[in-house]
Amino acid sequence: MSTPYDPHQVEKDAQRLWADSECFRTTESGDKEKFYCLAMFPYPSGQLHMGHVRTYTLGDVIHRYKRLKGYNVLHPMGWDAFGLPAENAAIKNGIPPARWTRDNIEYMRGQMRALGFGFDWNREFATCDPSYYHWEQWFFTRLYRKGLAYRKNSVVNWDPVDQTVLANEQVEDGRGWRSGALVERREMPQWFLKITDYAEELLGELDNLPDWPDSVKTMQRNWIGRSEGVEIDFPVVGSDEVLTVYTTRPDTLLGATYVAVAAGHPLAAGAAVRDPRVAEFVEACSHTKTAEADIATLEKAGVPTDVTVTHPLTGESLPVWVANFVLMEYGSGAVMAVPGHDQRDWEFATKYGIPILQVIEPAEGEDASACDLSRAAYVPYGRLINSGEFDGLSSADAFGAIADALTAKGRGRRQTHFRLRDWGVSRQRYWGCPIPMIHCPECGIVPVPDEDLPVLLPTEVQFEGVRSPLTTMESFYRTRCPECGGEARRETDTFDTFVESSWYQARFACPDANEPMVDERAKFWTPVDHYVGGIEHAILHLLYARFYHKLMRDEGLLDSDEPWRRLLMLGMVLKDGKKMSKSSGDAGNPQHLIDKYGADAVRTAMMFAAPPDQAFEWSEAGVEGQSRFCRRLWTLVQDHLAEGPVPSLDKEALGADARALRRKTHETLQRADDDYGRRTQFNTVVSAVHELVNAASRIQPANGQDRATVREALRVAVVVLSPIAPHLTQALWAALGGKGLLVEARWPEVDESALIQDRLALVVQVNGKVRGHVEVDAGADEQTAQAAALGEENVARFVDGKTIKKVIMVPGKLLNIVVG
RNA sequence: GGCUGGGUGGCGAAACUGGUAGACGCGCUGGACUCAAAAUCCAGUUUGGGCGACCAAGUGCGGGUUCGACUCCCGCCCCAGCUACCA
């Protein structure tokens, strides 16, 4: 192989070897321990961008490392193929979504092959395959029969010109992105899955996931938002009705000075009929986007109504306001307002001149100056005042006392509340999995029977405007009721695409399973041992998949409690400081880099650029450098081989330079093993290999043992680098006498004896500042080290004339002499 | 607005459990090779001072704990992700 490095030839050769040997095809047999490594499958948007390159290179690195460590590794790939962009492309270019999606998949699969990702392509599927969504429909009918799927009204963004529902990202400044029309909030019936039934388990199980990042667990805990509080009834004056609110601060109940309801609350509707100002306010609220971020950043505003309620403990009358920050979807759509002790209520009360009452004072030992109700609300817990019989109680004691008092009066009850809401799975869109339900005028809602599944999504469609073609396609929606046989209408909503991505990991275990949705192989492979994907999925996708896994477990399809054992959450690859999007186009496309430098250089540069969990701005500058490194390693191996055969290594016969190189070799092996296996930080693996290769190229071999040491260093460098740059290293492995495929090889053992050092360098500090370095025997005690340190001229200069007060020694590292 | 992260040379970063800040690479500067260039190789490269050995300052900003802080604590500024219909 005395040829110059040609990455394209080398990569073609390695990829042919892998294809011919089918080495990435995985089965359930054999005595190796199973390891399921999965990277989040992509939406086939057209071409890979650098975010994909990062995700799939990381997944491939973990997969190849685990193979070297002797595991039976499953590493599949497929396509999250339903979604909005395909419809947008269809509307814009007239290409049917199915064809657009298939073309994109073809192209992106080619790019993945060119990048050398070792996927088991025998397991590939796309979620738009009827053989996949068939089982999603089958499972939904089971959930429906169990009462875990139901229908209720829910608010959507409605574009009155295009007559369609808009996704949050399709609303720009309150207007539809295509029509420019002012968006309206509109209620419509939608399908929901009862994720709240599993809220307690979804929260509790987080404690049993030690290999998840703490940040993700915290985000999920906060999202689920379990709280303990009290539900309180405020009787409506002049009516039999009560207005129910939920609060986690019943200790502040005596400080309530008004009650606020959502614009969508029945009380607000009633008041609007009587008062045009209320009607106007409610109308204005109907144009706010449904996204939480938009509602939360609105300027707080409200109107008073003619409705008053009675305070359940004092009997006083409190006014009812309609406020834009109260959400109908959350809790009961009404809140009690305590402006003295809640900052949002304080701002609202200050704006509208509503009384502010202090009922909590800072507890003993707290900073009393922090409580100044003319400047802000006092939010911390404290001691009750102005609360009648409850005066003097701590907030904690008052919680119980007031809850008991309310319960005794029949005006309240303790309640555990979750922020988590049920999962709305209906989408008024075409390119998704049809919801397998039939609306019969006689029998009501009837699930499609198993024998009629799948409900096929028609692929030959014409888009007229932006509405889902299903709603006007008689051949699709006209059907017969399975129960009475009468004329009925098929559901035209499709599933949220998060449904498909909630169980694909189980389907990869048995992609050809036919009856039921997964078979015994799913129990063999799940849970996924290492899941790799973008941090942007930390809440929704991961939470939905956890929920779905439990649903499948409870159906007897799976036998584990959680889908993902260990998580690697990748930071975003940014473009101009922002998340990459379809609109960044070619800027994120790796194709020209692969064409110019080859896959190994692109992969190495991507791994070298930053640690996996960190977001970073992609720049092509590093690729050239790694391409140079690949060539240098290639040339170094060639030159080494050209010098002829080497004798076998004799550890006892090594000179000082060889011993130093050998220590470097085994240190690199140890460090890389830790970085790959425990830390999942691969940029430092690349650095370590750079260092080893630099050291191996610097040595001037004087004899056979020197050359044998270099050979060992090169072999280690090749194996350690192989998960990252698999093609180049395959060729070098063979050239260095490696047997078989490198992907079938084993990770080398560290020789502990090579790591031992007789003499150690110590840093010497005086008062914490570095003043010199000394070399001592490995076992040297503090006295010996101190004596050696004081022998250093520069150290002595800072110690002379002063008293040594203290000496701190960190064995093998540092000696700090504290003088005064 | 809320939740979760992040901020270190000209640039990407390293420093893992509180122990030499800047490994490794990019870029840049100088040199070798060349008719010349590219490629390659060698040397230098945090800032300020000094011929130099060295000295001082330095990890977003302001405080604190410690023999010792990029790392821990308190307050602030800026950036990113998510925020339930982007995936």
Side-chain angles (χ1 to χ4, degrees), chain A residues 40 42-43 45 80 82-85 156-157 165-171 190 213-216 218-219 221-223 225 290-298 300 325 329 344 420-429 496-498 501 534-541 543-544 569 571-572 574 577-579 581-582 605 608-611 613-619 621-626 628-629 631-632 635 671 674-675 678-679 681 683-684 686-691 694 761-771 773 793-794 797 805-808 810 813-819:
Chain A
M40 291 177 183
Y43 178 78
S45 54
D80 189 12
F82 281 134
L84 210 44
V156 294
N157 299 309
V165 174
L166 297 177
N168 282 329
E169 71 160 11
Q170 296 175 314
V171 183
Q190 316 245 20
D214 288 333
S215 59
V216 175
T218 306
M219 280 190 261
R221 278 190 198 103
N222 291 333
W223 183 261
T290 57
E292 191 215 14
D294 292 270
I295 295 159
T297 50
L298 282 179
K300 310 285 172 287
F325 58 82
E329 299 80 56
R344 192 179 57 188
L420 180 69
R421 306 196 299 257
D422 276 338
W423 176 13
V425 292
S426 294
R427 296 293 181 268
Q428 293 70 39
R429 303 198 200 296
D496 176 9
T497 58
F498 275 128
S501 56
I535 184 68
E536 71 273 22
H537 294 294
I539 298 176
L540 291 181
H541 161 60
L543 190 68
Y544 291 146
M569 293 276 93
M572 307 289 303
L574 304 176
K578 295 262 180 288
K579 171 174 164 174
S581 65
K582 285 119 229 158
F608 186 57
D613 58 359
Q614 188 175 310
F616 75 99
E617 175 82 17
W618 170 252
S619 141
V623 184
E624 178 103 42
Q626 295 318 308
R628 206 174 296 165
F629 166 70
R631 177 168 285 109
R632 227 172 56 227
T635 310
R671 187 175 151 190
D674 190 47
D675 283 351
R678 180 181 64 90
R679 296 217 297 161
Q681 179 172 288
N683 52 330
T684 46
V686 179
S687 301
V689 177
H690 283 170
E691 284 185 48
N694 287 347
L762 274 191
V763 171
V764 184
Q765 298 184 331
V766 179
N767 286 349
K769 284 181 188 277
V770 180
R771 298 302 179 186
H773 300 83
E793 196 191 335
N794 200 47
R797 200 151 66 86
K805 290 185 161 175
K806 197 174 174 181
V807 176
I808 288 137
V810 181
K813 281 198 169 156
L814 161 146
L815 189 78
N816 187 12
I817 303 168
V818 184
V819 299

Practice prompt. Whole angstrom is fine here: how far is it from CD in A:E691 over to P in B:A15?
Written response: 11 Å

Worksheet entry | Nearest-nucleotide 5' precedence on RNA chain B, A:R678 against A:F616 | A:F616

Worksheet, complete the sentence: Interatomic distance, OG1@A:T684 vs NE2@A:H690, rounded to 0.5 Å, equals 12.0 Å

Fill in: Identified pairing partner of B:A57, criterion: Watson-Crick or G-U wobble below 3.5 Å
B:U46

Practice prompt. Give a yes or no on whether a donor-acceptor pair under 3.5 Å exists between the nucleobase atoms of B:G1, that is its base, and the side chain of A:E292.
Written response: yes

Practice prompt. For A:T297, report the nucleic acid contact type (base, sugar-phosphate, nothing); a contact means any heavy atom under 4.0 Å.
Written response: base

Practice prompt. Can you establish whether the number of heavy atoms outside A:K813 located under 6.0 Å from its atom NZ is more than 12?
Written response: no

Worksheet item: A:Q681 near the nucleic acid: base, sugar-phosphate alone, or nothing, with a heavy-atom cut-off under 4.0 Å?
Response: sugar-phosphate

Item to complete: Kindly compute the distance separating NZ (A:K578) from CE (A:M572), expressed to the nearest 0.5 Å.
Response: 11.5 Å

Worksheet item: When you compare B:C85 with B:C16, how far apart are their P atoms, in angstrom units rounded to a whole number?
Response: 42 Å

Discussion item. Check this one for me: any side-chain N or O of A:R771 less than 4.0 Å away from OP1 or OP2 of B:G68?
Written reply: no

Worksheet item: Any N or O donor-acceptor pair linking the side chain of A:E536 to the base of B:C86 at under 3.5 Å?
Response: no

Discussion item. Under a 3.5 Å cut-off for both contacts, is B:C82 paired Watson-Crick or G-U wobble with anything, and if yes, with which nucleotide?
Written reply: B:G2

Worksheet item: Base, sugar-phosphate, or nothing: which does A:W423 touch, judged by heavy atoms less than 4.0 Å apart?
Response: nothing

Practice prompt. Give one of base, sugar-phosphate or nothing for A:A538, where a contact means two heavy atoms less than 4.0 Å apart.
Written response: nothing

Worksheet item: Rounding to the closest angstrom, what is the interatomic distance between B:A37 and B:U29 at atom P?
Response: 14 Å

Worksheet entry | Under-4.0 Å side-chain N/O to phosphate OP1/OP2 contact, A:N767 with B:G68 | no

Discussion item. So, OP1 or OP2 of B:G81: does either fall under 4.0 Å of a side-chain N or O from A:K579?
Written reply: no

Worksheet item: For the atom pair CG (A:D496) and CZ (A:R429), what is the distance rounded to the nearest 0.5 Å?
Response: 9.5 Å

Worksheet item: Rounded to whole angstrom units, what separation is found between the CZ atom of A:R421 and the P atom of B:C85?
Response: 8 Å

Worksheet item: From A:N683 CG over to A:Q614 CD, what is the distance, rounded to the nearest 0.5 angstrom?
Response: 8.5 Å

Worksheet item: Just to confirm, is there a sub-4.0 Å distance from OP1 or OP2 of B:A53 to any side-chain nitrogen or oxygen of A:N794?
Response: no

Discussion item. Applying side chain to side chain contact (heavy atoms under 4.5 Å, CB included), can you list everything that pairs with A:K806, at least two apart in sequence or on another chain?
Written reply: A:I808, A:V818

Worksheet item: Which part of the nucleic acid, if any, lies within reach of A:V763 when heavy atoms closer than 4.0 Å are counted: base, sugar-phosphate only, or nothing?
Response: base

Worksheet item: What integer distance in Å separates A:E624:CD from B:C24:C1'?
Response: 17 Å

Fill in: B:G12 versus B:G22 - spacing of their C1' atoms, nearest Å
13 Å

Worksheet item: Is A:P611 touching bases, backbone alone, or none of the nucleic acid, heavy atoms closer than 4.0 Å?
Response: sugar-phosphate

Worksheet entry | Shortest non-hydrogen contact from A:T497 toward A:D80 | O-OD1, 4.1 Å

Fill in: Pairing residues for A:W423 by the ring-ring contact (aromatic ring centres under 6.0 Å, His included) criterion, not counting sequence neighbours
A:Y544

Worksheet item: Angle class for the A:H541/A:F498 ring planes (parallel below 30°, perpendicular above 60°, tilted otherwise)?
Response: parallel

Fill in: Base paired to B:U34 (Watson-Crick or G-U; both N/O distances under 3.5 angstrom)
none

Discussion item. Measuring only the C1' atom in each nucleotide, how far is B:A14 from B:C51? A whole number of Å is fine.
Written reply: 33 Å

Worksheet, complete the sentence: Base orientation of B:G27, chi within 90° of 0 counted as syn, else anti, reads anti

Worksheet item: Within the pair A:R628 and B:U40, is there a side-chain N or O less than 4.0 Å away from OP1 or OP2?
Response: yes

Worksheet item: Of all the choices, B:C85, B:A13, B:A87, which nucleotide is nearest to the side chain of A:V165 once you look at every atom?
Response: B:C85

Discussion item. I'd like to know if A:S687 reaches the base of B:A14 with its side chain such that a donor and an acceptor end up less than 3.5 angstrom apart.
Written reply: no

Item to complete: Pick the P atom in B:A15 and in B:G64, then give their distance to the nearest Å.
Response: 30 Å

Response to the item:
Closest to the 5' end of RNA chain B, once A:Q765 and A:R429 are matched to their nearest nucleotides, is A:Q765

Worksheet item: In whole Å, what is the span from the CD atom of A:E793 to the P atom of B:G52?
Response: 18 Å

Worksheet item: How far, in whole Å, is B:A57 from B:A21 if one measures between their C1' atoms?
Response: 13 Å

Worksheet item: When we call it a touch if two heavy atoms are under 4.0 Å apart, what does A:L420 touch: a base, just sugar-phosphate, or nothing?
Response: base

Discussion item. From CE of A:M572 over to C1' of B:C82, roughly how many Å is that when rounded to an integer?
Written reply: 10 Å

Worksheet entry | B:A13 versus B:G6 - spacing of their P atoms, nearest Å | 13 Å

Discussion item. Between B:A56 and B:G1, how far apart are the two P atoms, rounded to whole Å?
Written reply: 45 Å

Worksheet entry | Any donor-acceptor N/O pair under 3.5 Å between B:C79 base and A:K578 side chain | no

Worksheet item: So what does A:G622 hit on the nucleic acid, given a heavy-atom distance under 4.0 Å: a base, only sugar-phosphate, or nothing?
Response: nothing

Item to complete: Could you check whether A:G424 gets within reach of a base, just the sugar-phosphate, or nothing at all, counting any heavy atom under 4.0 Å?
Response: sugar-phosphate

Worksheet entry | Any A:R679 side-chain N or O less than 4.0 Å from OP1/OP2 of B:C16 | no

Item to complete: Would you classify A:S426 as touching base, sugar-phosphate or nothing, given that sugar-phosphate means primed atoms plus P, OP1 and OP2, and contacts are heavy atoms under 4.0 Å?
Response: base

Worksheet item: For B:G19, does OP1 or OP2 lie under 4.0 Å from any side-chain N or O of A:N816?
Response: no

Worksheet item: What is the distance from NZ of A:K813 to C1' of B:G68, rounded to the nearest Å?
Response: 14 Å

Item to complete: With heavy atoms under 4.0 Å as the rule, sort A:V810 into base, sugar-phosphate or nothing.
Response: base

Item to complete: Figure out the NE2/C1' separation between A:H537 and B:G81, and round it to whole Å.
Response: 11 Å

Worksheet item: Below 4.0 angstrom from OP1 or OP2 of B:A23, is there any side-chain N or O of A:N683?
Response: no

Worksheet item: With respect to the phosphate group of B:A13, does any side-chain polar atom (N or O) of A:Q614 fall under 4.0 Å of OP1 or OP2?
Response: yes

Worksheet item: Counting any heavy atom closer than 4.0 Å, what does A:N694 reach on the DNA or RNA strands: base, sugar-phosphate only, or nothing?
Response: sugar-phosphate

Practice prompt. Return no unless some side-chain N or O of A:K769 is found under 4.0 Å from OP1 or OP2 of B:A57.
Written response: yes

Practice prompt. Please report, rounded to the nearest Å, how far the P atom of B:C24 is from the CZ atom of A:F629.
Written response: 13 Å

Practice prompt. Report the base-pairing partner of B:G18 (Watson-Crick or G-U wobble, both distances below 3.5 angstrom), or none.
Written response: none

Response to the item:
Closest heavy-atom pair, A:V623 versus A:A605, reported as atoms and distance to 0.1 Å, is CA-CB, 3.7 Å

